[in-house]
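Below is one structure, written out as C-alpha cells; the observations come after it.
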2 protein chains.
Amino acid sequence: MLVEIDFNSDEAIYIQLRNQIFVAIATSQLKEGESLPSVRALADKIGVNMHTVNKAYSTLRQDGFLKVDRRRGAVVAVDIDKLDSMAKMKAYLRPLIARGICKGLSKEEVKGIVDQLYDELS
Amino acid sequence: MLVEIDFNSDEAIYIQLRNQIFVAIATSQLKEGESLPSVRALADKIGVNMHTVNKAYSTLRQDGFLKVDRRRGAVVAVDIDKLDSMAKMKAYLRPLIARGICKGLSKEEVKGIVDQLYDELS
DNA sequence: TAATTGTTATACTTATGATATAACAACTAT
DNA sequence: ATAGTTGTTATATCATAAGTATAACAATTA
C-alpha cells in the first residue's frame with residue numbers, strides 16, 4: 001500500500017490519508033480482513049506524527065471501515081449499511097452537484113464521470 | 001433568497017453560505033446578472049460577521065460564480081469552463097466514489113442519487 | 001521478559017475560522 | 001456638495017482544530 005502526502009495541500013493530512021485508504025479498500029489493494037500498518041510504522045514511513053495516523057484510523061473505525069483486533073492491529077472490516085451510505089452519499093454530493101449545475105455540467109456528463117471513477121476505482 | 005446557517009455544524013459558516021449560494025444559482029433562485037445582498041446586509045441578516053460573508057463572496061468570485069460591479073455590488077456571473085469544471089468535479093468526486101464503493105454502493109445506485117439531485121436542484 | 005499493539009493523556013505550536021474596528025476608493029442618492 | 005453604501009483591505013483578538021512531542025497504559029506477541 002503506497003501513500004502520498006502533499007504537505008502543501010489545504011487538505012488535512014489525516015483526511016488525505018483517510019481518502020487514500022478509501023481508494024485502497026475500493027481497489028482491493030486492501031482486502032477485507034487484511035491488517036494495516038501500525039500507527040507508528042505508517043507515521044514513520046510518511047514522516048508525520050503518530051497521532052495524525054491514529055486520527056485517520058480512529059475516524060475510519062468510527063465510520064465503519066476498520067476494526068481493531070488486539071492481536072492483529074487495525075484490520076479492514078467494512079460495515080455495510082446501505083441506507084445510511086446512500087443518505088451520506090446524497091448529502092456529500094448535494095453541494096458538488098449544485099456547483100456542477102451552475103457551471104453548466106449536464107446530468108449525463110456528471111454520470112459519465114461517475115462511470116470513469118467506477119472504472120478506475122473498482 | 002433564504003439562508004439557513006447551522007452554528008453547531010462542523011462545516012465552516014462561509015462554506016455553508018457558499019454551498020447555499022451554489023444551490024440558489026443552480027435552482028435559479030439567483031439568476032445570471034442578479035445582485036446579491038451586500039456583505040453587511042447579509043451578515044446582519046444571518047447574524048454573523050461581515051468578513052465571514054465577504055470570505056464566501058471572495059471565494060465565489062475567485063471560482064468564477066460572481067463578479068463585482070461597483071455600482072451593483074456582487075452580481076451573479078458564472079464563468080463557464082467546461083474542461084476545468086469537469087476536472088474539478090472528478091477530483092472532488094474521487095474520494096466520495098471510493099467511499100461509496102467500499103460501502104457496497106453500485107454504480108447504478110450512485111447515478112440514481114445523481115438523478116435525484118439533478119431533479120431537486122434544476 | 002522484552003517488544004509491539006491501539007489507545008489515552010497532557011502540553012505545546014501553528015493554522016484557520018470568526019469576530020471586532022477602522023479605513024479606503026468608487027459609486028449612489030438626496 | 002454632502003451623506004451614505006458598495007466591496008475591499010488592514011490590524012487585532014479569540015477560539016478551535018491540526019499537528020507535533022513525550023509519556024504511559026493494558027493487551028498481545030515473539
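Lettering follows sequence order; numbering is per chain, from 1.
- Summarising the geometry, the separation between CG on A:Asp69 and C1' on C:dT7 is reported as 15 Å, rounded to the nearest angstrom.
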Response to the item:
In 5'-to-3' order, the base (B), backbone-only (S) or no-contact (-) status of each nucleotide in nucleotides 16-24 of chain D, using a 4.0 angstrom heavy-atom cut-off, is --SSBBBBB
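- Residue B:Ser38 places at least one side-chain N or O under 4.0 Å from the OP1 or OP2 atom of D:dT6.
- Taking the charged nitrogens against the carboxylate oxygens, A:Asp115 and A:Lys111 have no contact shorter than 4.0 Å, which rules out a salt bridge.
- The separation between B:Leu36 atom CG and D:dT6 atom P is 13 Å, rounded to whole Å.
- Enclosure of atom CD in A:Glu108 by more than 12 non-hydrogen atoms of other residues, nucleotides or ligands within 6.0 angstrom is indicated.
- When all heavy atoms of A:Leu66 and A:Ala74 are compared, the closest pair comes out as CD1-CB, 4.4 Å.
- In this structure, B:Lys90 places its NZ atom where more than 12 heavy-atom neighbours from other residues, nucleotides or ligands lie under 6.0 Å away.
- Ion pair B:Arg72/B:Glu34 not flagged as a salt bridge, since none of the NZ, NE, NH1 or NH2 atoms sits closer than 4.0 Å to an Asp/Glu carboxylate oxygen.
- At whole-Å resolution of the value, CZ in B:Arg61 and P in D:dT6 are 17 Å apart.
- One atom, CG of A:Asp44, and another, P of C:dT5, lie 11 Å apart when rounded to the nearest Å.
- Between the CG atom of B:Asp10 and the P atom of C:dT16 there is a distance of 18 Å, given to the nearest Å.
- Each of A:Asn54 and A:Arg72 was assigned the nucleotide of DNA chain C with the nearest heavy atom; the assignment lying further toward the 5' end belongs to A:Arg72.
- Taking the charged nitrogens against the carboxylate oxygens, A:Asp84 and A:Lys88 do have a contact shorter than 4.0 Å, which makes a salt bridge.
- Rounded to an integer number of Å, the gap from CG of B:Leu42 to C1' of D:dT8 is 16 Å.
- As a whole-Å value, the separation of B:Leu60 CG from D:dG7 P is 13 Å.
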